[in-house]
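Residue numbering restarts at 1 for every chain, and letters A, B, ... go by the order of the sequence lines.
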There are 2 protein chains.
Amino acid sequence: MSGPNTAVGSQVNGGTPLGPCGDDDCGIRDVLDRLGDRWTVLVVVELAKGSRRYGELERAIPGISQRMLSLTTKRLCRDGLTERIVHPTLPPQVEYRLTPMGRSLSVMISALADWSRENKAAIAEARARWDGSVGTA
Amino acid sequence: MSGPNTAVGSQVNGGTPLGPCGDDDCGIRDVLDRLGDRWTVLVVVELAKGSRRYGELERAIPGISQRMLSLTTKRLCRDGLTERIVHPTLPPQVEYRLTPMGRSLSVMISALADWSRENKAAIAEARARWDGSVGTA
DNA sequence: CTGAATCCGACCAGATACTG
DNA sequence: CAGTATCTGGTCGGATTCAG
């Protein structure tokens, strides 16, 4: 997984050199603003397992408040990443599921999760080392 | 319900089914907390192009304050994603560069940037459609 | 059950001024 | 040039309450 690149001063991938727009961020922020919040990623991960109802999501994501779940699903729907299917039953049932675009995003998130797992220990170690040499003085 | 995931089996990727830990987020948050803030990603992207000095980063990332640049680089160093090389010259020069782990992260970010570019238009369109049907009434 | 609305605290981030 | 310290404000997120 480690970058096979040899030159530090060059790009790290061949497909997109991270900077085809020059100094611009090319809209990375657009995605990160969405992924940056506390819950969006977790909701996408849960929906990647299959369609879920409101209460199912609430129970599947410990700690999320109704407010944040509502806001998060609404934003995802707004951006075309999820669908909201209302079953006119009694009591009402609402089903959420990823759109094809949402599913493609979940692949990105999955890759990020892989990276996280692979490097979590190394990060924790580096952090401990830094804290030890700086904090203790 | 405790385990509704058993009968779903609709994962979107084969490598890692997004949920090998059951109900846990597997530390995705650890990465997202780092990537979530406004500047970390931009700094990593800039450093992916090559080593940079403090002032170079400041100029390359329009809008970043000295405070945030300082905090961001410090956090990246702490997590072992960047190195800080001090040249004992006059005036002092400090060079920042990605570590191998940082470079591997920049690959993830690059993939995310690719996704962003590919889907930005679709997101904007979906958002406009949603705003049009909901906001306008 | 599925939300929306409101209040409120916590944290992030910008501006500014100062130091080595 | 390369930071740090302090003040302040805007936004995110939680708890509660109300509604369809």
Side-chain angles (χ1 to χ4, degrees), chain A residues 25 29-44 46-47 51-79 82-97 130 134-135 137, chain B residues 1 4 25 29-44 46-47 51-79 82-97 130-131 133-135 137:
Chain A
D25 54 307
R29 290 259 88 244
D30 289 348
V31 182
L32 267 303
D33 280 343
R34 215 168 317 283
L35 265 50
D37 69 87
R38 199 169 195 74
W39 303 109
T40 298
V41 170
L42 298 178
V43 170
V44 171
E46 185 61 26
L47 288 179
S51 66
R52 292 285 190 272
R53 289 177 48 194
Y54 184 88
E56 290 179 320
L57 283 175
E58 193 175 0
R59 282 184 296 275
I61 305 175
I64 195 170
S65 63
Q66 290 172 340
R67 171 182 144 87
M68 291 319 296
L69 179 55
S70 179
L71 286 177
T72 302
T73 53
K74 189 184 298 179
R75 250 175 305 195
L76 286 171
C77 286
R78 188 167 99 101
D79 293 340
T82 63
E83 284 178 299
R84 184 174 179 273
I85 298 111
V86 179
H87 300 284
T89 61
L90 195 66
Q93 290 193 359
V94 180
E95 190 183 348
Y96 293 97
R97 55 183 302 181
W130 201 90
V134 176
Chain B
M1 52 187 66
D25 55 308
R29 291 259 87 247
D30 289 348
V31 182
L32 268 303
D33 280 343
R34 217 168 317 283
L35 267 49
D37 69 88
R38 200 168 196 74
W39 302 110
T40 299
V41 170
L42 298 179
V43 170
V44 170
E46 186 60 27
L47 288 179
S51 66
R52 292 285 189 274
R53 289 175 48 194
Y54 185 88
E56 289 178 321
L57 283 175
E58 194 175 0
R59 281 184 297 275
I61 305 175
I64 195 171
S65 62
Q66 291 173 339
R67 171 185 146 84
M68 291 317 296
L69 179 53
S70 179
L71 285 177
T72 302
T73 53
K74 190 183 295 180
R75 249 175 305 194
L76 287 171
C77 285
R78 186 167 101 101
D79 293 340
T82 63
E83 285 178 298
R84 184 175 179 274
I85 298 110
V86 179
H87 299 285
T89 61
L90 195 66
Q93 290 194 358
V94 180
E95 190 184 348
Y96 292 96
R97 54 183 300 181
W130 201 90
D131 289 349
S133 59
V134 176

Would you grab the first and last nucleotide of DNA chain D (5' to 3') that comes under 4.0 Å of any non-hydrogen atom in chain B?
-> dC1(D) to dT6(D)

Could I get the full list of side chain to side chain contact (heavy atoms under 4.5 Å, CB included) partners for [X], not counting sequence neighbours?
X        : answer
Ile85(A) : Glu83(A), His87(A), Glu95(A), Arg97(A)
Ser65(A) : Arg67(A), Met68(A)
Arg84(A) : Cys77(A), Val86(A), Val94(A), Tyr96(A)

Short side-chain to backbone donor-acceptor contact, Tyr54(B) and Gln93(B), under 3.5 Å = no

Under 3.5 Å, which donor-acceptor pairs link side chains of residues 32-39 of chain A to any protein atom two or more places apart or in another chain?
residue	atom	partner	partner atom	Å
Asp33(A)	OD1	Arg29(A)	NH1	2.4
Arg34(A)	NE	Asp79(A)	OD2	3.4
Arg34(A)	NH1	Asp79(A)	OD2	2.3
Arg34(A)	NH2	Asp30(A)	O	3.0
Asp37(A)	OD1	Trp39(A)	N	3.0
Asp37(A)	OD1	Thr40(A)	N	3.0
Asp37(A)	OD1	Thr40(A)	OG1	2.9
Asp37(A)	OD2	Thr40(A)	OG1	2.5

What residues, two or more places apart in sequence or in another chain, satisfy salt bridge (Lys or Arg N to Asp or Glu O under 4.0 Å) together with Arg78(B)?
-> Asp131(A)

Any residue meeting salt bridge (Lys or Arg N to Asp or Glu O under 4.0 Å) with Arg52(B), in chain and number order, not counting sequence neighbours = Glu46(B)

In this structure, CG of Leu47(B) is separated from CG of Leu76(B) (nearest 0.5 Å) by 7.5 Å

Could you grab the distance from atom CG of Leu69(A) to atom CD1 of Ile64(A), nearest 0.5 Å is fine?
-> 4.5 Å

Contacts satisfying salt bridge (Lys or Arg N to Asp or Glu O under 4.0 Å) that involve residues 53-62 of chain B (not counting sequence neighbours) are none

Determine the contact category for Gln93(B): base if any of its heavy atoms lies under 4.0 Å from a base atom, sugar-phosphate if only primed atoms, P, OP1 or OP2 are that close, otherwise nothing.
-> sugar-phosphate

Would you give a per-nucleotide map of nucleotides 5-20 of chain C, 5' to 3', where B means the base has a protein non-hydrogen atom under 4.0 Å away, S means only the sugar-phosphate does, and - means neither?
-> -B------BBB-B--B

Looking at five pairs on each end of the helix from dC1(C)-dG20(D) to dG20(C)-dC1(D), what is the angle between the two axes, given to 10 degrees?
-> 40°

Please figure out whether Ser70(B) or Arg59(B) has its closest DNA chain D nucleotide nearer the 5' end.
-> Arg59(B)

